[in-house]
Amino acid sequence: MFEYLSPRSLATLQEIIEYLELQQAAQDFRLEVEHRANLEAYYQWYDQVAAENRRDLEQMRTETNLLTWFSRRSI
């Protein structure tokens, strides 16, 4: 009835090694997934900023350059 309370026999060396290898593989996988998610978020942010900068550049090209009014040399 309460088998889960009884102490488990000691694990063999091979079982411990397999357990640690499985834990390492799981951690490596989790870190890889996290890295890829962060990279994807960075790519989306970069694309968004680049699009905003392109829009700003096009808007600046259509605006009148006020600094030319203060230029001393004639055009």
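When reading the values below, keep in mind they use all heavy atoms of this one structure, side chains included, and skip hydrogens, waters and symmetry mates.
Here Leu22 is tied to no hydrophobic group at all, with no ILVMFWY side chain closer than 4.5 Å. Members clustered with Ile17: Leu13, by chain and number, using a 4.5 Å side-chain heavy-atom cutoff among hydrophobic residues.
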Could you pull out all donor-acceptor pairs under 3.5 Å where a side-chain atom in residues 25-39 meets a protein atom, sequence neighbours excluded?
{"from": "Asp28", "atom 1": "OD1", "to": "Gln24", "atom 2": "NE2", "distance (Å)": "3.0"}
{"from": "Arg30", "atom 1": "NH1", "to": "Glu34", "atom 2": "OE1", "distance (Å)": "3.4"}
{"from": "Glu32", "atom 1": "OE2", "to": "Arg36", "atom 2": "NE", "distance (Å)": "2.7"}
{"from": "Glu32", "atom 1": "OE2", "to": "Arg36", "atom 2": "NH2", "distance (Å)": "3.3"}
{"from": "Asn38", "atom 1": "ND2", "to": "Glu34", "atom 2": "O", "distance (Å)": "3.4"}

Going by atom type alone, with no hydrogens or angles, which donor-acceptor pairs under 3.5 Å involve a side-chain atom of residues 48-58 and a protein atom two or more places apart or on another chain?
{"from": "Gln48", "atom 1": "NE2", "to": "Glu52", "atom 2": "OE2", "distance (Å)": "3.3"}
{"from": "Asn53", "atom 1": "ND2", "to": "Val49", "atom 2": "O", "distance (Å)": "3.4"}
{"from": "Glu58", "atom 1": "OE2", "to": "Arg61", "atom 2": "NH1", "distance (Å)": "3.1"}

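Remark: Thr12 engages Gln14, Glu15 in a side-chain contact (heavy atoms from CB on, under 4.5 Å) (not counting sequence neighbours). Applying the side-chain contact (heavy atoms from CB on, under 4.5 Å) criterion to Tyr42, with sequence neighbours excluded, gives Trp45, Tyr46.
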